[in-house]
A.B. asks: 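Below is a structure I'd like to ask you about.
All values derive from a computational prediction rather than experimental measurement.
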Amino acid sequence: MAYEILIVDDEPALQRMVGEILAQAGYRTRSASTCAQALEQVKAAPPDGVLLDVMLPDGDGFSLLGKLRAVRDFPVLFLSARDEDEARLRGLGLGADDYITKPFLPQELLLRLGAVLRRVYREEPSAPWLGDTRIDWGKGTLRRQGEEISLTAKEYALLKKLWEARGNIVTVDALCSALWEGPLVGYDNTLMVHIRRLREKLEADPSHPRYLLTVRGLGYRLKQEDKP
C-alpha cells in the first residue's frame, strides 16, 4: 500500500527534500505551508499521516494538531527545528506519534515514520533473509539465531544501498554518496569503519565474510543467499 503523507512546513526547500525522500521510498505526498492550508486539505481528503512543523506563519503546530485530529485520527509526527525538551514533551503530550528534530538523517525519518504507520495500520514489514540473518527494514534490525541486533542509521543506509544492488558491485563513491552529502573527499577510511562494523553484525566470521564482500579497487558487493 502506498501511504499518502501531508507535509506541513513553510520552508519550500524542506518540503521538496522531504517529499523526495518519501517519494523514493514509495510514499505519495502533498504539501501545505500554513495551518489554514493544512486544515483545508485534510477536510477535503484526509491523508494517511502528517509531518507537521511547530512554527507556521499563521499559527503553531501544537494548536493545529487538535484541529487535524478532530477531522480524522491519523498519525501525526512533528518535524521541527525546536529540539528543547519542553517543546518535544508538549508535542508528545498532546498526542503526537513522534517528534523528530531538524536536521535529521533521511533513513531516520523513514524508519520512524514507517514504525508509526505500521503500529497504527498494523502493517507487517517485509523481512528478507541474508543467509541465516533476517533483515527487518521496518525496525532497522537484524535477527540471527534468536538475537535481535540494532543497526545505526549509517549502517542501515549502507546495507540498504548494497541490498538494492545485491549481486553487483557498488563503488566506494556511490556508497559515500548514500551516507554523506557534499564533497566526498576523505570519507574512504570512515566508510571502511562502517563496513567493518556492519560485517560484525551480519557475518558469523567478520574476518572471512561470506556476504559483504570487498571488490578490491572498486568497492563492495552484497551476496544474496536466501534462507531455505
Side-chain angles (χ1 to χ4, degrees), residues 2-69 71-72 74-120 137-138 140 152-154 156-158 160-161 164 174 176-184 187:
Y3 291 112
E4 183 176 61
I5 306 300
L6 176 62
I7 304 164
V8 185
D9 197 292
D10 62 339
E11 297 182 31
L14 188 132
Q15 280 188 9
R16 288 193 298 271
M17 182 188 72
V18 173
E20 289 172 1
I21 292 170
L22 297 185
Q24 290 175 5
Y27 292 95
R28 294 179 292 116
T29 65
R30 287 185 277 147
S31 297
S33 301
T34 65
C35 295
Q37 289 177 5
L39 191 56
E40 182 181 355
Q41 288 204 38
V42 166
K43 288 180 177 178
D48 298 302
V50 176
L51 293 176
L52 179 58
D53 191 16
V54 170
M55 303 302 295
L56 294 165
D58 57 344
D60 64 79
F62 297 136
S63 301
L64 179 59
L65 174 60
K67 297 175 182 177
L68 296 178
R69 285 274 174 78
V71 178
R72 178 175 167 179
F74 41 58
V76 176
L77 293 81
F78 278 111
L79 196 62
S80 174
R82 294 183 60 181
D83 60 354
E84 306 97 325
D85 288 341
E86 181 180 354
R88 180 173 56 84
L89 292 174
R90 182 182 177 189
L92 295 174
L94 289 171
D97 295 271
D98 204 345
Y99 193 108
I100 305 172
T101 56
K102 308 171 190 176
F104 52 84
L105 292 170
Q107 292 299 340
E108 178 190 9
L109 173 62
L110 292 175
L111 280 171
R112 293 170 71 170
L113 175 61
V116 167
L117 292 173
R118 280 191 305 278
R119 184 172 69 245
V120 173
W137 297 115
T152 66
K154 294 294 188 189
Y156 181 98
L158 182 57
K160 191 74 170 178
K161 184 71 175 179
E164 289 170 352
C176 287
S177 295
L179 268 63
W180 297 285
E181 297 180 357
L184 301 179
Y187 279 113

A.B. asks: Do you know which two heavy atoms are closest between Ile21 and Pro106, and how far apart they sit?
C.D. replies: CD1-CB, 3.8 Å
A.B. asks: Between Gln15 (side chain) and Ala32 (backbone), is there a donor-acceptor pair under 3.5 Å?
C.D. replies: yes
A.B. asks: Can you tell me if Lys160 has over 12 outside heavy atoms packed within less than 6.0 Å of its NZ?
C.D. replies: yes
A.B. asks: Which heavy atom in Ser33 sits nearest to a heavy atom in Leu56, and how many Å separate them?
C.D. replies: O-CD2, 3.9 Å
A.B. asks: Main chain of Cys35, side chain of Asp58: is a donor-acceptor contact present, judged purely on distance under 3.5 Å?
C.D. replies: yes
A.B. asks: Could you measure the distance from the CD1 atom of Ile7 to the CG atom of Leu52? Nearest 0.5 Å is fine.
C.D. replies: 12.0 Å
A.B. asks: Return yes when atom CD of Glu164 has more than 12 non-hydrogen atoms of other residues, nucleotides or ligands closer than 6.0 Å, and no otherwise.
C.D. replies: yes
A.B. asks: Do Leu117 and Pro75 touch side chain to side chain, with heavy atoms closer than 4.5 Å?
C.D. replies: yes
A.B. asks: Which heavy atom in Phe104 sits nearest to a heavy atom in Ile100, and how many Å separate them?
C.D. replies: CB-CG2, 4.0 Å
A.B. asks: Measuring from Phe78:CZ to Lys102:NZ, what's the distance to the nearest 0.5 Å?
C.D. replies: 12.0 Å
A.B. asks: Provide the full list of salt bridge (Lys or Arg N to Asp or Glu O under 4.0 Å) pairs with a residue in residues 12-28, sequence neighbours left out, each pair given once.
C.D. replies: Glu4-Arg28
A.B. asks: Rounded at 0.5 Å granularity, tell me how far NZ in Lys67 sits from CG in Leu65.
C.D. replies: 11.5 Å
A.B. asks: Return yes if some donor-acceptor pair links the side-chain N/O of Arg69 with the main-chain N/O of Ala96 below 3.5 Å, else return no.
C.D. replies: no
A.B. asks: If every non-hydrogen atom of Ala38 is compared with every non-hydrogen atom of Leu64, which pair is closest and at what distance?
C.D. replies: CB-CD2, 4.0 Å
A.B. asks: If you compare all heavy atoms of Val8 against all heavy atoms of Thr34, which two are closest, and at what distance to 0.1 Å?
C.D. replies: CG1-O, 4.2 Å
A.B. asks: Rounded to the nearest 0.5 Å, how far does CZ of Arg112 lie from CG of Asp98?
C.D. replies: 4.0 Å
A.B. asks: Starting at OG of Ser80, measure out to CG of Asp60 and round the result to the nearest 0.5 Å.
C.D. replies: 10.5 Å
A.B. asks: Determine whether a donor-acceptor pair (N or O, by modelled atom type, separation under 3.5 Å) exists between the side chain of Lys154 and the backbone of Leu179.
C.D. replies: yes
A.B. asks: Indicate the atoms forming the closest heavy-atom contact of Tyr27 with Gly114, along with that distance.
C.D. replies: OH-CA, 3.9 Å
A.B. asks: Could you check whether any side-chain heavy atom of Leu79 comes within less than 4.5 Å of a side-chain heavy atom of Asp9, counting everything from C-beta outward?
C.D. replies: no
A.B. asks: Looking at Asp48 and Arg30, is any side-chain nitrogen of the basic one under 4.0 Å from a carboxylate oxygen of the acidic one?
C.D. replies: no
A.B. asks: How would you list all residue pairs meeting salt bridge (Lys or Arg N to Asp or Glu O under 4.0 Å) that involve residues 86-95, not counting sequence neighbours?
C.D. replies: Asp85-Arg88
A.B. asks: Checking Tyr156 side chain against Leu111 main chain: does a donor-acceptor pair fall under 3.5 Å?
C.D. replies: no
